[in-house]
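One-based numbering, in listed order, for ligands and for the atoms of each.
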Amino acid sequence: MKSAVLTIIILFTSFLIGMSQEKNATRVIAHRGAWKNTGAPENSIAALQHAINLNCYGSEFDVHLSADSVPFVLHDHSIQGIHIEKTNATDLKKIKLANGESLPTLEEYLLAGKGQNKTRLILEVKSSSISKERSLTLTKKCVELVTQTGVTAITDYIAFDFDVCLQVKKLNPKAHVQYLSGDKNPEDLSAAGLDGFDYHFSVLNRNQNWLAEAHKLKLSTNAWTVNDEENMRWLMDQKIDMITTNEPEKLLKLVK
Ligand code: MG
């Protein structure tokens, strides 16, 4: 009887330790999906699906606005010599990625990520190369499409433009928004009502107290784009919440 009770206590304690480790483990975000080791093009729906199959916490992707105000998923401002912001959706839809996929609209991308809840959709609202007004129009379209496609509960936002971050919070106060540019300290972000930062790891190297300060302020912390084991370990040692990487497979092994 005694040994049965002891076994139960040991099992329960191990369960609690396991839970706390799970809670504290750094979460893995695949930067532009899982493309590097899978051969899928960056920001393709295939790269998103690979990130989901890997059980990543999140899969990041970038969004631009077509000339006729349709959001498309792509990192650069142009593809195959075609400038997204200066081209209409009908023509953009004809573009093929290297794996044969059509250049995805944001709507198609969000629908591809729907129906699962293990991998969050990390939506980066890109800054317009034309005007601030277009950046804000894109922001509004993104929040609308996330709502319309029914993926609000699994979508988070990131942006380099501080006004875009504020606009997302204004449109959906419950949205989780991290700022990317690295020029604001945790206190400023907290005062502005944002949820956290996603800064280049060199910014966190220069400002060694920011991770601890952010934790105190209950801000979420994330770093991009961390591909080498040394920096991954350095950030994990400081209890960063998330790491965005082109090497999700490598980081997944480290956080285990
Ligand atoms: Mg991005």
Does a side chain donor of either Asn88 or Asp91 reach within less than 3.5 Å of an acceptor in the other side chain?
no
Set of residues satisfying salt bridge (charged side-chain N to carboxylate O under 4.0 Å, His left out) with respect to Arg206, sequence neighbours excluded
none
Have Asn99 and Glu101 got a donor and an acceptor in their side chains that come within less than 3.5 Å?
yes
Under 2.8 Å from the Mg ion (ligand 1), how many protein N/O/S atoms can be counted?
3
List in chain and number order the residues that pass side chain to side chain contact (heavy atoms under 4.5 Å, CB included) with Lys253, two or more places apart in sequence or in another chain; answer none if no residue qualifies.
none
For Glu247, salt bridge (charged side-chain N to carboxylate O under 4.0 Å, His left out) partners two or more places apart
Lys36
Of Lys126, His64, Arg134, which is the lone residue that meets side chain to side chain donor-acceptor pair (under 3.5 Å) with Glu85?
Arg134
